[in-house]
Amino acid sequence: MRLYHVAIGLVSLLSMVSGAMTIGANWGTQATHPLDPAIVVRLLRENGIQKVKLFDADYDTLRALGKTGIEVMVGIPNDMLATLASSMKAAEKWVSKNVSAHVTSNNVNIRYVAVGNEPFLQTYNGSFLRTTFPALQNVQSALIKAGLGNSVKVTVPLNADVYESSSGLPSDGDFRADIHDLMLAIVKFLNDATAPFTVNIYPFISLYSDAEFPVDYAFFDGNANPVNDGGTSYYNMFDANYDTLVHALQKNGFGNLPIIVGEIGWPTDGDRNANIEYAQRFNQGFMSHISSGKGTPLRPNADINAYLFSLIDEDAKSVDPGNFERHWGVFTFDGMPKYAFNLGTTNTGALIPARRVNYLERKWCVMKPSAKLDDPQVPLSVSYACGLADCTRLGYGTSCGSLDARGNISYAFNSYFQIQNQLDDACKFPNLSTITKTDPSTGTCRFEVMIEPYYGGAVQAPGHAKKALGLVVGLILFFLKIV
């Protein structure tokens with residue numbers, strides 16, 4: 001069996017500190033209606049989540065984390081790397097505004113700065129190869145100049161495709177040939193700065209992208225046929241992938257470099273393998289695996305420091321990688337637990353939902369009972385609604401995959417209606433739609449009522465995903481037999 005690497009990456013940080021496990025979470029905000037940061041911070045605290053990883057340095061988010069003691073990793077988006085790489089002054093300004101100010105005036109416990117996010121992903125075609133390392137160096141220098149060099153460390157969250165194995169076995173692991181020298185320069189820099197190597201590992205992506213991938217090998221049940229690597233047995237993909245990186249580090253003289261697993265998790269919708277059962281099985285299995293203290297075969301008894309992806313669903317994420325991208329959360333968009341998941345931090349062993357969440361009125365936009373499926377406006381209306389809203393729960397093997405034709409259309413209409421804050425004009429598809437106060441949800445398919453919009457931060461509309469959602473729209477129209 002060959003080792004399956006992750007092609008893309010996508011947060012709960014689990015680390016063992018002084019023998020006690022602490023829990024963290026990746027907190028992404030690419031949502032049309034993100035929760036108020038104060039609500040999310042309360043959600044973190046009430047669930048005993050003591051670490052959080054961000055993808056930017058949003059002021060309101062960091063302010064809400066002030067005086068909580070929660071450890072924070074702030075992020076620098078890839079589109080800022082060129083500026084920070086070319087200007088030391090720009091790096092100093094960024095650190096002053098987004099790190100120093102929050103540490104000193106708001107008592108935010110910032111511990112890491114993530115410089116970029118998977119910048120060497122092969123699908124980026126080398127766009128960030130020349131800017132990532134200089135940006136990393138400048139941000140580190142700026143932290144030192146600000147007197148934060150010892151307390152705040154830099155790192156670069158990288159996709160697992162930065163290393164590979166010629167034989168598929170962990171022992172042959174090395175950094176990708178086309179970026180080998182660059183990776184060694186970064187690794188040496190991190191080692192000298194006593195900073196960690198951060199990598200994102202996704203067994204789900206291997207299952208999604210390869211129909212021949214052995215399902216049990218993605219999980220931690222011990223049911224998979226083990227991979228034998230010179231007498232060392234690997235019973236799950238995570239251990240094999242992690243140790244491939246350890247071998248790559250050892251092979252190049254940095255075998256003791258600390259590793260953070262920046263993202264690991266399982267989505268709950270948008271694909272036949274993205275479901276509640278698999279997500280619960282994977283995440284709870286991962287929790288048990290790392291809390292056992294056994295480490296991996298190459299680093300036995302070592303603490304696994306990892307961020308589970310992710311805290312909350314994000315309905316405005318790009319779905320170019322797949323429709324599952326909007327469904328990685330342990331919690332739904334409104335902070336409700338999706339499944340039984342024991343983090344070991346609450347008295348009941350269950351997740352605690354978000355409190356004081358305000359919803360819009362309980363009403364939905366659906367297809368008129370009198371409307372005809374063969375109305376020529378149907379395909380245009382569905383395409384428009386899905387292009388500007390979120391239809392990723394529709395399709396084969398999804399939570400709404402069993403809806404009939406009218407149900408599919410109603411779901412599309414309602415998604416647009418809710419994202420548009422239930423404006424009357426958002427439910428005026430020509431002779432096709434009507435507003436109802438009867439919940440159309442059925443079975444596993446939830447017709448959502450959106451939460452009241454939070455205007456403190458930038459809200460990202462999902463219209464950019466129109467092209468990527470073409471497959472979903474096409475499936476809807478195919479089943480309607482009108483294309």
Side-chain angles (χ1 to χ4, degrees), residues 9-13 15 22 24-30 34 37-38 40-41 44-45 49-81 83-85 90-119 128 131-132 135-158 190 193-200 260-263 305-312 314 456-458 460:
L10 287 167
V11 182
S12 139
L13 177 58
S15 62
T22 58
N26 275 291
W27 175 3
T29 56
Q30 294 186 66
V40 179
V41 169
L44 292 168
R45 299 184 77 177
I49 298 172
Q50 300 177 38
K51 301 172 187 281
V52 69
K53 178 173 173 284
L54 309 174
F55 293 90
D56 53 26
D58 176 69
Y59 176 83
D60 289 343
T61 299
L62 288 168
R63 183 177 61 179
L65 287 163
K67 302 179 179 64
T68 63
I70 295 174
E71 290 188 9
V72 180
M73 179 187 291
V74 296
I76 297 175
N78 290 339
D79 60 10
M80 293 184 62
L81 294 177
T83 299
L84 297 177
E92 291 173 0
K93 183 178 179 180
W94 189 93
V95 167
S96 176
K97 177 183 177 181
N98 299 295
V99 182
S100 300
H102 288 287
V103 170
T104 57
S105 64
N106 201 25
N107 197 22
V108 181
N109 186 18
I110 297 177
R111 299 292 298 274
Y112 299 101
V113 175
V115 182
N117 185 49
E118 299 186 327
F128 307 108
T131 56
T132 300
L136 182 71
Q137 293 172 305
N138 285 349
V139 171
Q140 168 73 355
S141 296
L143 287 169
I144 293 172
K145 185 174 181 179
L148 298 170
N150 292 327
S151 59
V152 182
K153 299 297 181 181
V154 291
T155 188
V156 182
L158 296 164
L190 294 174
T194 64
F197 187 107
T198 301
V199 63
N200 301 335
I260 290 177
V261 179
E263 299 177 12
N305 187 352
Y307 291 85
L308 183 70
F309 192 89
S310 66
L311 184 67
I312 301 170
E314 301 170 74
Q460 302 184 32

- Atom pair CD1 (Ile110) and CG (Leu62), whose distance is rounded to the nearest 0.5 Å: 5.5 Å

- Query: Taking the inter-plane angle between the rings of Phe309 and Phe55 on a 0 to 90° scale, is it parallel (under 30°), tilted (30 to 60°) or perpendicular (over 60°)?
  - Reply: perpendicular

- Message: Using a 3.5 Å distance criterion without hydrogens, assess whether the side chain of Asn106 forms a donor-acceptor pair with backbone atoms of Arg63.
- Response: yes

- Tell me, do Leu84 and Trp94 make a side-chain contact under 4.5 Å, heavy atoms counted? yes

- Query: So among Val103, Val108, Thr61, which one has a side-chain contact (heavy atoms from CB on, under 4.5 Å) with Val72?
  - Reply: Val108

- Query: Going by heavy atoms in the side chains, are Pro196 and Leu190 under 4.5 Å from each other?
  - Reply: no

- Task: With side chain to side chain contact (heavy atoms under 4.5 Å, CB included) as the test, would you mind laying out the steps for Thr155 and Ile260 before giving the verdict?
- Result: CA-CA 9 Å; Thr155 188; Ile260 290 177; 5.8 Å; no

- Message: side chain to side chain contact (heavy atoms under 4.5 Å, CB included) for Glu118 and Asn200? Distances and angles first, verdict last.
- Response: CA-CA 8 Å; Glu118 299 186 327; Asn200 301 335; 2.9 Å; yes

- Audit row: Val139, Val154, side chain to side chain contact (heavy atoms under 4.5 Å, CB included) steps and yes/no: CA-CA 8 Å; Val139 171; Val154 291; 3.8 Å; yes

- To the nearest 0.5 angstrom, please state how far the OH atom of Tyr59 sits from the NE2 atom of His102. 6.5 Å

- Query: Atom CG of Asn138 and atom OG1 of Thr83: how far apart are they, to the nearest 0.5 Å?
  - Reply: 11.5 Å

- Message: Between Glu314 (side chain only) and Thr29 (backbone N and O only), is there a donor and an acceptor less than 3.5 Å apart?
- Response: yes

- Hey, does the side chain of Asn117 reach the backbone of Pro77 with a donor-acceptor pair shorter than 3.5 angstrom? no

- Query: So with a 6.0 Å cut-off around NZ of Lys67, is the heavy-atom count from everything else above 12?
  - Reply: yes

- Evaluate the side-chain proximity of Pro37 to Trp27: yes if any heavy-atom separation is below 4.5 Å, no if none is. yes

- Polar side-chain atom of Lys153 near backbone of Val113 as donor-acceptor pair, under 3.5 Å: no

- Sidechain-backbone polar pair: Ser96 side chain, Glu92 backbone, donor-acceptor under 3.5 Å: no

- Message: Is there a side-chain contact between Ile70 and Arg45 in this structure, where contact means two heavy atoms from C-beta onward sitting under 4.5 Å apart?
- Response: yes

- Answer whether the closest heavy-atom distance between the side chains of Leu311 and Leu44 falls below 4.5 Å. yes

- Interatomic spacing from CG in Leu143 to CG in Asn150 - rounded to 0.5 Å: 10.5 Å

- Message: Under the criterion side chain to side chain contact (heavy atoms under 4.5 Å, CB included), I'd like the reasoning laid out for Leu54 against Tyr112: C-alpha separation, chi angles, the key distance, then a yes or no.
- Response: CA-CA 10 Å; Leu54 309 174; Tyr112 299 101; over 6 Å; no

- If only atom types and distance count, is the side chain of Thr198 paired as donor or acceptor with the main-chain N or O of Val156 below 3.5 Å? no

